[in-house]
Structures are given as C-alpha cells and as structure tokens.
Amino acid sequence: MKSIFGRAVRVFYPGLWRDRGLIKGYMKRDSYCGQVTREQIGKNMTLCGWVASYRDHGGVVFVDVRDRTGICQVVFRPETGEVYDLGRGLRNEDVVIVSGELVKRQEGAINPRISTGEVELIAARATLCNKADPVPFLPGGHETVSEDIRLKHRYVDLRRRPMTEALMFRHRVTKLMRDYCDEHGFLEIETPILYKSTPEGAREFLVPSRLSPGDFYALPQSPQLFKQVLMVAGMDRYMQIARCFRDEALRSDRQPEFTQLDLEMSFVDREDVIGLVTGLIRRLWHELLHVDLPEAFPLMSWREAMDRFGVDKPDTRFAMELCDVSAIAGQSEFGVFKDAVAAGGCVKTICVPGGATLSRKQIDELTVEAKQFGARGLAWIKLGGDAGAGQMGGPIAKFLSPAIQQQLRHAAGGADGDLLLAVADKQEVGWRVLGELRLKLGHQLNLINDNLWNFLWVIDFPGFERDEATGKIAARHHPFTAPLDEDLPRLESDPLAVRAKAYDLVLNGVEIGGGSIRIHQREVQSRIFSLLGISQADAEKKFAFLLDALRFGAPPHGGIALGMDRLIMLMLRRQSIREVIAFPKTQSGTDLMTQAPSPVEASQLSDLHLAVVGLPASGAAGIKPSVPGSGA
RNA sequence: GGGGGCGUAGCUCAAUUGGUUAGAGCAUCGGAUUGUCGAUCCGAAGGUUGCGGGUUCGAUCCCCGUCGCCCUCGCCA
C-alpha cells in the first residue's frame with residue numbers, strides 16, 4: 001500500500017523507547033482506522049491513533065483506536081506476551097502504533113454501529129508513543145461538556161467526532177471553492193493583513209508600527225479596496241479565502257476574525273456575479289450534501305423583501321407574511337390606527353395561524369418584544385373564538401365596524417382561530433417589529449421546515465440612507481457601490497430613492513454573502529463623495545490609492561464575499577459558527593486555550609512607542625487574572 | 001454599554017424551608033474477569049461549592065460586589 005504521507009517519517013529512537021519499556025520495532029502507518037474494510041481481511045497492517053476506549057476481560061483485551069477517520073477495534077491476546085502487557089496497560093487517549101492481521105470478527109461480535117464493526121485487528125506488535133494524563137473530558141463521551149472547557153482544551157475537543165467532521169468538511173468546501181474558481185479563470189492572490197486604517201464602518205484592530213513611531217497599521221475589515229485595485233491592475237478575476245477582522249461585539253454567528261470567500265471580476269454586470277456564485281453554491285450542495293438546488297435562485301427586490309417579510313434577509317421557509325392594511329385601518333374609529341395613517345405612517349399586520357389560542361400572557365410577552373424593537377404598542381385581534389364564528393375578539397375589536405372587520409379579515413387572509421397582530425407606526429418600525437415577531441413566532445409555533453434550503457438573492461438595495469444621529473446621507477453598502485444606471489439622474493435630486501447595484505445572497509433567513517458592482521468612473525465617484533459630504537481633500541486622504549487607480553484605467557468590475565463560517569455552519573446545521581472554526585474566540589474576544597489577549601513586556605511597549613493609560617484603578621498595566629474562573 | 005441565564009470533585013449533575021461528615025454516574029488508581037464495544041463486578045482516592053464581602057447560632061442555598069462563559073439589545077458601511 002502506498003504511504004499515506006508520501007514519505008517515511010523517522011521516529012524510531014530504540015534506546016529511548018527501550019528505556020521506557022516500550023516494544024521495539026519500526027512501524028509505519030499504512031491504514032487509517034476508519035477506513036479498514038472487509039476486503040482487507042487477512043492483510044497485515046499498521047494503525048496509529050488514540051485509545052478511544054479499552055475493555056479488559058482478564059484474558060483478551062479490546063482497545064478501540066481512533067484517528068481522524070474513525071475507530072477500529074484492536075484485540076490484544078495473552079499469548080503475545082509483552083505486546084499483551086502493553087495493551088492491557090493502555091488508558092484513554094494514550095497514543096499507540098499497532099500492527100497485526102485484520103480479521104473478521106466472530107459471529108455475534110459484530111458491532112453494526114461503527115463502519116469498521118465487522119473486522120478487528122489482532123495486535124502482533126505495538127508501540128506506546130505517549131502515555132496520556134486523564135483528559136478533562138472524553139472525546140467519545142455522550143455528555144454535553146460546557147463550551148468554555150471545550151475551548152480551553154480544544155485539542156481534546158477537536159478529537160470529538162462532530163468537530164473532526166466539521167473541520168474535514170470545511171476543508172472540502174474550501175477545496176471545492178478553489179477548484180471552481182480556478183475552472184472559471186480566477187487567480188488566487190493574497191492581499192495584505194497589515195493594512196491602512198480607513199475609519200468607516202466597523203471598528204478596526206490596530207497594529208502599532210515600530211519603524212514609524214506613533215503610526216499604526218489596521219487589520220482589514222475585508223480586502224475590498226485591494227481587490228478593486230487588482231481589477232485595475234488587469235488581473236481580470238481574483239479570489240481569496242480571506243481572513244477579515246472587525247473589533248465589534250460578538251455573537252453566536254460573529255467572531256472578531258472570520259473568513260470570507262472573496263471574489264472580484266472585471267467586465268461583468270450583476271447577473272454575471274449572481275450566475276457565477278449560484279453555480280458555485282449548486283456545486284457545493286450537489287457534491288457535499290447531495291442536494292440538487294434549482295438552476296437559478298429567486299431574485300427579490302429589497303423593497304419586496306421589506307414589504308413581505310419586514311427584513312432584508314427573508315426566511316421564506318414559512319408564510320405569515322406582512323400585510324399593509326393602512327387603507328382600511330385608516331378609515332376605522334380606532335385612534336391609534338387613524339392617527340398613525342393620518343401622520344403619514346402605516347398599519348401593518350401579520351396573521352398568526354391558530355394564534356387565537358395564545359394566552360393573554362403570551363400576547364403580553366409579544367407586546368414586550370414589540371416594544372423592544374421600537375413599537376409603542378402591539379394591537380391584537382382574535383378571529384372567531386369566544387367572539388363567535390366570523391367575529392373579532394380582543395380589546396380593539398369594538399372600535400372596528402363590521403365592514404372594517406370584514407375588510408381587515410379579507411386583506412390579512414385570516415380565518416377563525418387565527419390571531420392578527422398589528423403595528424401602527426412609521427413604515428420602518430412596522431417592518432422591524434413585525435419582521436422580528438414573525439421570526440420569533442415562526443420558531444415558537446414550529447412553522448419552519450428544517451429540511452428546506454431556501455436561497456434567494458436580494459437586489460436593488462437603497463444606495464443611501466439618512467444617518468439618524470447626524471442627519472447626513474450615508475452609504476448603505478460602501479461608497480464605491482455603483483448606483484443603478486436608471487437611478488443615476490436622481491443622485492442629487494432624490495438620493496434616498498437611488499438604488500444600488502448591490503446584492504445579498506440569503507439562505508433560510510441568514511445573509512451568507514453580499515457584494516456589488518463598483519463605480520469605475522471618476523466622475524460618478526466624485527458625485528457620490530460630494531453627496532456623502534466627503535470633500536475632495538478628505539477623499540484623497542482616505543482613499544488616495546483607489547482614486548489614483550480609478551484615474552489610471554479602471555475596468556467595470558464587481559464582486560462578492562461569502563461568509564465561510566456561516567455558510568459551513570448552515571451546511572452542517574450547527575447552532576454556532578464556533579462549531580465549524582478550529583480555534584474560535586469567546587464572546588469577549590478571548591482565546592481560552594492560549595489566554596490571548598495578554599499583557600506584554602514593558603520593553604515591547606517601549607519599542608513600539610506605546611504606553612498603556614487609563615486602565616481601571618484595580619488593573620495596573622499588565623495585571624489581570626491569569627486563569628478565568630480560578631480566582632488565581 | 002444595557003438586559004437575562006449559568007458557575008458544586010477532572011467531566012456531567014444532585015443536595016428538602018438556611019441545618020449533622022456536600023452525594024451520584026463517568027474518568028483516575030488498586031483488584032477480579034477470555035468476546036467486549038457507553039463492558040461488568042469489588043474497593044480506593046478525589047471538594048477553598050468561581051472569587052471577595054455581608055446577614056445568621058449556622059450559608060452551596062439569602063443579599064451586595066467582582067470574575068468567567070453563554071444568550072440577547074445596541075453595535076457590526
């Protein structure tokens with residue numbers, strides 16, 4: 001059999017091993033534990049791995065040996081002397097090399113629960129490479145170990161089957177992405193990690209410069225500007241599995257450093273990028289999940305997404321869509337509705353199927369939720385129920401005439417037994433509140449079919465929005481996003497109505513990627529800058545290199561970035577991206593295994609011309625608890 | 001930065017209204033055991049109840065503070 005690693009690894013130190021009472025012999029792995037099969041019965045082979053479990057019957061001893069591919073049972077027999085003695089001394093997570101004949105298991109001793117359960121290796125030679133201390137938890141255990149323990153001893157955690165599989169799966173995803181991009185003419189090009197600070201958007205990690213005292217690099221939030229420069233440079237198509245950094249609060253689907261599949265293409269329009277990425281996703285699902293996705297994913301305008309689902313990343317696996325009933329509710333005698341519509345706002349509803357059975361307490365909880373998202377209150381109407389068939393119940397029903405009630409019921413598509421929830425407010429509040437309640441209720445009422453893979457492209461995003469705090473116009477995506485051609489004339493007259501050539505890829509209500517066609521004309525770029533209140537001087541200062549590049553021959557170009565961590569999390573149906581990242585950080589940005597971040601030597605600080613100031617009184621520079629939770 | 005949950009043996013969890021020496025399973029150690037596979041049986045060892053303070057005759061339990069982890073809102077062009 002061919003060597004797995006393609007080269008022999010010299011690890012044989014006879015003297016050392018003999019001193020430790022180990023078995024002599026030079027053995028090189030020729031098989032992986034999880035890959036031994038019936039067809040190999042009768043062959044001699046050598047396995048390497050970790051002791052997953054041992055069962056000592058006084059005579060025969062069974063040891064399950066595990067490597068990243070799986071588990072194989074090894075049998076130690078008394079007649080093998082010192083090999084047997086070694087075998088019966090093995091404990092969990094000891095590292096061993098075992099050679100012997102692969103045999104068919106006896107009748108009745110077959111274990112159908114593991115793929116190698118029909119065979120076993122009869123140990124003829126064995127080497128104990130390293131005795132393991134008792135591990136904090138067993139990788140094969142059935143109990144759920146708390147996440148901080150897992151993170152602290154990640155090397156043990158990664159031996160657990162689900163984690164090993166996640167990392168192997170992740171490898172296949174990135175491999176396939178590279179292959180696909182290569183087939184489509186992309187070049188993989190690295191971009192700098194030490195980058196220039198561009199204080200738009202997310203907070204950046206800063207890196208002090210020793211050679212330029214007082215100056216700083218920043219870690220890139222994404223390689224955005226570099227990939228555009230690569231297009232100007234004529235590379236035509238660029239891809240990178242790129243690490244990105246953002247110093248913002250963490251969530252279960254957010255890490256301070258994360259990975260994107262970053263793409264950029266020249267001489268393309270929106271449809272080209274969408275088509276290419278759709279093809280990539282279809283390939284991934286076909287080859288890795290054995291699911292055939294439709295040839296094209298639905299396109300939905302941002303406006304339609306907001307009107308129907310209240311969010312710009314709709315989960316279309318269930319209905320319960322938003323319904324604007326302003327025209328009807330504005331005619332009613334219910335002051336809250338009437339006033340909201342009169343003030344230029346709206347009345348929106350969702351119809352909760354079977355929701356009439358919700359208790360008053362549950363509805364009150366929804367109201368609390370609604371207020372959290374900015375609503376002043378939540379109106380509710382029960383259809384049918386105590387009020388009688390075809391009637392409406394609840395505190396506001398009495399303000400609604402029979403005619404209005406009929407129209408409402410018809411518009412919202414409700415039937416007896418349903419619950420109407422209504423928000424009367426500004427349009428944005430209506431979207432937000434009902435969009436969030438829809439998702440919450442969708443989960444709560446089990447309306448979501450977990451087997452669906454509902455992809456869609458959200459397009460025609462607004463290019464700009466008004467910053468609530470400053471009142472200024474701000475770019476929604478980034479200031480290099482091209483507006484739709486037909487909206488260009490309105491850039492100055494009605495900027496908030498200008499739509500962008502931006503697109504997001506959404507899967508089951510999760511944004512897994514986004515991109516845009518960029519501006520490649522100087523004239524358009526300066527109009528955008530003046531709209532955003534960025535002076536020529538400011539623009540030069542912040543983005544000089546990009547503006548220069550645009551002057552010296554920029555092709556039309558556009559691209560996209562896919563969030564690798566989220567994508568793989570969804571493919572594997574994990575609850576957190578930490579389950580698909582080898583060494584993730586905690587919610588407070590610390591690494592429990594390495595204890596990063598940590599204080600540094602005073603000399604390191606002085607080399608960098610840095611001084612630590614403004615720490616809380618108790619925390620003098622360089623002093624903090626060394627081990628979490630230990631109080632040490 | 002705000003809100004919430006959790007913190008007891010190496011791990012997963014118990015512990016009556018605040019009451020005697022804080023228990024169990026797994027892991028570890030010793031012994032038995034020749035077909036197990038979450039092996040089984042007998043025995044042993046293992047604890048600053050995250051840390052600090054307070055209330056009390058008495059605190060794992062109640063109160064305050066603090067640290068850590070998770071969820072969530074803000075935040076993430």
Side-chain angles (χ1 to χ4, degrees), chain A residues 52-64 71-79 84 88 91-93 105-114 116-117 120 122 132-153 156-157 198-204 221-222 224 244-256 258 368-369 371-374 432 436 440 461 463-465 467 473-481 500 502 511 514 516 532 563 575-576 578 585-588 590 592 616 618-619 624-632:
Chain A
S53 116
Y54 63 94
R55 297 172 291 280
D56 181 350
H57 285 257
V60 65
V61 174
F62 301 101
V63 174
D64 290 344
I71 280 177
C72 180
Q73 173 164 286
V74 174
V75 184
F76 289 89
R77 296 196 173 283
E79 51 270 28
Y84 171 71
R88 67 179 317 198
R91 293 297 179 267
N92 290 318
E93 303 310 314
R105 292 200 193 182
Q106 296 172 7
E107 282 306 316
I110 289 170
N111 183 354
R113 279 183 298 165
I114 60 175
T116 60
E120 61 194 5
I122 307 299
D133 277 352
V135 284
F137 56 93
L138 287 175
H142 296 257
E143 282 163 333
T144 310
V145 180
S146 66
E147 196 173 0
D148 48 339
I149 302 286
R150 292 174 49 203
L151 289 174
K152 184 173 178 186
H153 304 281
V156 176
D157 190 43
T198 52
E200 318 276 295
R203 191 178 297 117
E204 299 171 317
Q221 300 173 33
S222 78
Q224 179 63 37
C244 307
F245 305 87
R246 292 178 192 173
D247 190 6
E248 295 288 348
L250 271 48
R251 290 288 167 75
S252 58
D253 62 352
R254 254 192 260 159
Q255 284 274 304
F258 59 99
V368 170
E369 193 98 356
K371 286 180 176 166
Q372 203 181 350
F373 293 116
R432 175 96 206 275
E436 296 284 352
K440 184 189 166 74
F461 281 84
F464 308 96
E465 61 194 351
D467 187 307
I473 301 277
R476 242 187 121 83
H477 192 49
H478 59 62
F480 314 107
T481 304
E511 180 200 326
S516 63
L532 298 176
Q575 294 303 306
S576 153
R578 296 186 300 271
K585 293 183 174 55
T586 68
Q587 201 167 55
S588 49
T590 61
L592 295 181
S618 61
K624 66 185 209 178
S626 56
V627 181
S630 73

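Basis for what follows: all heavy atoms, side chains included, without hydrogens, waters or symmetry-related copies. Reminder, nothing fancy here: chain letters follow the sequence lines and each chain counts from 1.
Distance alone, capped at 3.5 Å, is enough to place a donor-acceptor pair between the Q221(A) side chain and the A202(A) backbone. A donor-acceptor pair under 3.5 Å links the side-chain atoms of Y84(A) to the main chain of G59(A), judged by distance alone. In this structure, the side chain of T116(A) engages the main chain of I71(A) through a donor-acceptor pair within 3.5 Å. Judged by distance alone, with hydrogens and angles left aside, the side-chain atoms of R91(A) form no donor-acceptor pair with the main-chain N or O of A132(A) at under 3.5 Å. The backbone N or O of D247(A) sits less than 3.5 Å from a side-chain atom of R203(A), completing a donor-acceptor pair.
With RNA chain B read from its 5' end, the first of the two nearest nucleotides for T144(A) and Q73(A) is the one closest to T144(A).
When the shell of 6.0 Å around CD of E79(A) is examined, it contains more than 12 heavy atoms from other residues, nucleotides or ligands.
The interatomic distance linking I114(A) (CD1) with A39(B) (P) rounds to 12 Å, in whole Å. One interatomic measurement links the two molecules: CZ of R91(A) to P of A39(B), which rounds to 13 Å at whole-angstrom precision. The NE2 atom of H153(A) sits 14 Å away from the C1' atom of A27(B) (whole-angstrom rounding). Rounded to an integer number of Å, the gap from E143(A) CD to A14(B) P is 12 Å. Atom-to-atom, NE2 of H142(A) to P of U12(B) comes out at 16 Å; the value is rounded to the nearest Å. In this entry the distance linking CZ of F62(A) with C1' of U34(B) reads 8 Å, nearest Å. The interatomic distance linking K152(A) (NZ) with G68(B) (C1') rounds to 11 Å, in whole Å. Rounded to an integer number of Å, the gap from CG of D148(A) to C1' of C69(B) is 5 Å.
Proximity note for P134(A) (side chain, C-beta onward) versus C37(B), U34(B), A27(B): the nearest is A27(B). Listed nucleotides U36(B), U28(B), U12(B) differ in distance to I149(A); the shortest reach to its side chain belongs to U12(B). Side chain of N111(A), nearest nucleotide from A27(B), C37(B), C69(B): C37(B).
As rounded to the nearest Å, C61(B) and U16(B) have C1' atoms that lie 11 Å from one another. Comparing G50(B) with G10(B), their P atoms are spaced 13 Å from each other, to the whole Å. For the C1' atoms, the distance from A39(B) to U49(B) is 34 Å, rounded to whole Å. Between G53(B) and A44(B), the distance separating the two C1' atoms is 38 Å to the nearest Å. Taking atom P in both U34(B) and C70(B), one finds a spacing of 49 Å when rounded to whole Å. A distance of about 32 Å separates the C1' atoms of U12(B) and C73(B), rounded to the whole Å. Of the C1' atoms belonging to G7(B) and G52(B), the separation is 16 Å, rounded to the nearest Å. Across G4(B) and G25(B), the matching P atoms stand 38 Å from one another, rounded to whole Å.
Counting non-hydrogen atoms under 4.0 angstrom, D56(A) reaches a base of the nucleic acid. Across all strands, I110(A) comes closer than 4.0 Å to base atoms (heavy-atom distances).
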Legend entry - Per-nucleotide protein contact string for nucleotides 70-77 of chain B (B base, S sugar-phosphate only, - none; heavy atom under 4.0 Å): BBSBBBBB
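Shown here are the ring-ring contact (aromatic ring centres under 6.0 Å, His included) partners of F480(A), two or more places apart in sequence or in another chain: H478(A), F543(A).
G74(B) is unpaired under the criterion used here, namely a Watson-Crick or G-U wobble arrangement in which both key atom distances are under 3.5 Å. Remark: C41(B) base-pairs with G31(B). Criterion, Watson-Crick or G-U wobble with two distances under 3.5 Å. Across all strands shown, C11(B) is found opposite G25(B) as a Watson-Crick or G-U wobble partner, with both distances under 3.5 Å. Figure legend. C69(B) is base-paired to G5(B); pairs are counted as Watson-Crick or G-U wobble with both atom distances under 3.5 Å. Pair check for U49(B) finds none; no Watson-Crick or G-U wobble contact set falls under 3.5 Å.
Atoms CZ and NE2, from F137(A) and H153(A) in turn, are 7.5 Å apart once rounded to the nearest 0.5 Å. Taken to the nearest 0.5 Å, the CD atom of Q587(A) stands 8.0 Å off from the CZ atom of R251(A).
Phosphate contact (OP1/OP2 of A39(B), side-chain N/O of R55(A), threshold under 4.0 Å): present. Dashed line: the shortest gap from a side-chain N or O of S146(A) to OP1 or OP2 of U12(B) is under 4.0 Å. Close to A27(B), at under 4.0 Å from its OP1 or OP2, lies no side-chain N or O of Y54(A).
The base of C11(B) does not come close enough to the side chain of R150(A) for any donor and acceptor atom to sit less than 3.5 Å apart.
Checking each of K585(A), R578(A), K152(A) against E147(A) for a salt bridge (charged side-chain N to carboxylate O under 4.0 Å, His left out) leaves exactly one that passes, namely R578(A).
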